[in-house]
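What follows is a single structure, written as structure tokens, with notes after it.
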Amino acid sequence: MGKPGVLLLGKIDHAHKEWAENVESIADVKKPKAESRAEFLEECKSGAFDGCVAAYRTFSSFAITGMIDEEVVAVLPKSLKYICHNGAGYDQVDIHACTARDIRVSNVPKAVDDATADTNMFLILGALRGFNTSMLALRAGNWRGAPAPPLGHDPQGKVLGILGMGGIGRNLMKKAAAFGMTTQYYNRSQLSEELSGGAKYVSFEELIKTSDVLSLNLPLNKNTRHIISTKEFEMMKPGVVIVNTARGAVMDEAALVEALKKGQVWSAGLDVYEEEPKIHPGLIDNPHVLLLPHMGTWTVETQTKMENWCMGNVKSAIETGKLMSPVLEQKDM
Ligand SMILES: O=CC(=O)O
């Protein structure tokens, strides 16, 4: 019998040696030729990937395949039993559609925590201090700008509200403590004293109403889409700062632009957007907000760790029939 197949959606950029040792040695790796979703669907139907047991996919492979939804799942080879996603957030994969076809999905937790929380802290500091306006003025040859930008705010003594206290949220809490911030959080369930590190567990409403800085660290799914919208902005402390390194669509971007205009929100620091790479013009035109193009895990060390973690899932699936880090929805399967 030949080796089992592995479908590579996207590419390996860093951990080449490990890919050769852990995957190529035990599997026959197949790469799609398709350059669009339509071509990918056709290629699947042609039987080109038959015999593949697992798929390794990257966030960027979305540009070719689009969502791994019912339509894609329906044409994946019958042999395919595992999809290993290289990323923490797996909103590009319809877990329900995968479960219905008995496909198990894994993601990459933990390896992303430090780099994403670092980015999150950078956005908190930059947005609180209002650095973006002066950085733009300097590059335009105007020093701080005229008039000079408003004075910023210190993190010390501010209440940081973390919405979603998973690995990234908890990592952020420790970093924020070093800057003198106190953390309160809302999560689907209250964490143990040890995990929460003494952060106060509050209701969603209290978090929204009483945080000086609100950080969005929850996954995107049908329950969290637009969890922050006009109604929530109206409840917030006037002058709140909002930071998002999770997924753009957990917040209603148009509502944020309005809340910034009205001054309900003092500033924002964003790494993610509703329709990446498109950004709401109301954000682009607002020099006060600090914007990054989804750089949360964009470091050599973290990207390498993530690739290794993801291929660990592929290897484990092939050798033991089990994923190391199955997604939450399939934990008990
Ligand atoms: O956005 C990055 C990730 O989900 O890992």
Side-chain angles (χ1 to χ4, degrees), residues 1-109 111-112 297 303-327 329-330 333:
M1 231 171 66
K3 289 184 202 168
V6 166
L7 175 60
L8 177 59
L9 301 175
K11 54 188 179 55
I12 307 297
D13 285 318
H14 306 279
H16 298 289
K17 192 168 140 271
E18 293 84 351
W19 178 254
E21 281 170 11
N22 293 314
V23 181
E24 285 175 335
S25 64
I26 57 167
D28 177 16
V29 176
K30 298 189 186 183
K31 297 177 198 164
K33 295 194 177 68
E35 286 177 12
S36 66
R37 177 171 171 99
E39 284 176 19
F40 179 67
L41 293 172
E42 280 314 309
E43 206 175 350
C44 287
K45 287 185 207 159
S46 77
F49 311 129
D50 285 3
C52 285
V53 174
Y56 173 113
R57 80 176 294 278
T58 66
F59 186 83
S60 315
S61 69
F62 182 82
I64 290 171
T65 68
M67 276 291 288
I68 303 297
D69 55 10
E70 247 178 59
E71 191 182 20
V72 168
V73 165
V75 297
L76 286 173
K78 297 280 166 281
S79 52
L80 196 112
K81 293 283 170 235
Y82 307 96
I83 296 180
C84 305
H85 170 68
N86 180 9
Y90 46 93
D91 45 292
Q92 295 173 339
V93 182
D94 180 342
I95 302 301
H96 188 74
C98 290
T99 305
R101 240 231 43 205
D102 224 15
I103 294 176
R104 299 284 178 264
V105 183
S106 61
N107 71 331
V108 176
V112 304
T297 60
Q303 292 289 319
T304 308
K305 270 194 284 181
M306 289 169 72
E307 287 185 353
N308 276 315
W309 188 297
C310 188
M311 68 181 74
N313 272 303
V314 172
K315 185 175 161 70
S316 163
I318 290 177
E319 291 185 339
T320 71
K322 281 212 177 321
L323 293 165
M324 287 171 353
S325 51
V327 297
E329 293 86 338
Q330 296 184 339
M333 291 173 125

Where do Phe59 and Gln92 come nearest, in terms of heavy atoms and distance? O-NE2, 3.2 Å

If we ignore hydrogens and angles and just use 3.5 Å, is the side chain of Ser325 paired with the main-chain N or O of Asn107 as donor and acceptor? yes

Donor-acceptor pair, Arg101 side chain versus Leu80 backbone, under 3.5 Å? yes

Could you report the tightest heavy-atom contact between Glu329 and Tyr90, atom names first, then the distance? OE1-OH, 2.7 Å

State, with a plain yes or no, whether a side-chain heavy atom of Glu18 is found less than 4.5 Å away from one of Glu307. no

Report the C-alpha distance between Val23 and Ile12 in whole Å, list the side-chain angles of each, state the deciding distance to 0.1 Å, and finish with yes or no for side-chain contact (heavy atoms from CB on, under 4.5 Å). CA-CA 12 Å; Val23 181; Ile12 307 297; over 6 Å; no

When you look at Asp69 and Arg37, which way does the salt bridge (Lys or Arg N to Asp or Glu O under 4.0 Å) test go after all the steps? CA-CA 12 Å; Asp69 55 10; Arg37 177 171 171 99; 2.9 Å; yes

Which atom names give the shortest non-hydrogen contact between Met67 and Asp94, and what distance separates them? CE-N, 4.2 Å

Just verifying a value: how many Å separate Thr297 OG1 and Met306 CE, rounded to the nearest 0.5 Å? 4.0 Å

Between the NE2 atom in His96 and the OG1 atom in Thr99, the distance rounded to the nearest 0.5 Å is 7.5 Å

Considering all heavy atoms, the nearest Val93-Cys98 contact: CG1-SG, 3.8 Å

Show me the donor-acceptor pairs within less than 3.5 Å that the side chains of residues 25-36 make with the rest of the protein, sequence neighbours left out.
| residue | atom | partner | partner atom | Å |
| --- | --- | --- | --- | --- |
| Ser25 | OG | Glu21 | O | 2.6 |
| Lys30 | NZ | Asp50 | O | 3.1 |
| Ser36 | OG | Glu39 | N | 3.2 |

Over all heavy atoms of both residues, which pair between Val108 and His85 is shortest? Give the atoms and the distance, please. CG2-O, 3.5 Å

Donor-acceptor pair, distance only, cut-off 3.5 Å: does the side chain of Ser316 make one with the backbone of Lys322? yes

Using only atom types and a distance under 3.5 Å, with no angle test, would you say the side chain of Ser79 pairs donor to acceptor with the backbone of Gly51? yes

Look up atom OG in Ser106 and atom CG in Asn86, then write down how far apart they are to the nearest 0.5 Å. 9.5 Å

Under a 4.5 Å cut-off applied to non-hydrogen side-chain atoms, are Tyr82 and Val314 in contact? no

Look up atom CD1 in Ile68 and atom CG in Leu9, then write down how far apart they are to the nearest 0.5 Å. 6.0 Å

How about NE2 on His16, more than 12 heavy atoms from neighbouring residues, nucleotides or ligands closer than 6.0 Å, or not? yes

Measure the CZ-SG distance between Arg57 and Cys84 for me, rounded to the nearest 0.5 Å. 11.5 Å

What closest approach, in Å, do Gln330 and Val105 show between heavy atoms, and which atom pair accounts for it? OE1-N, 2.8 Å

To the nearest 0.5 Å, atom CG of Asn313 lies from atom CD1 of Ile83 at 12.5 Å

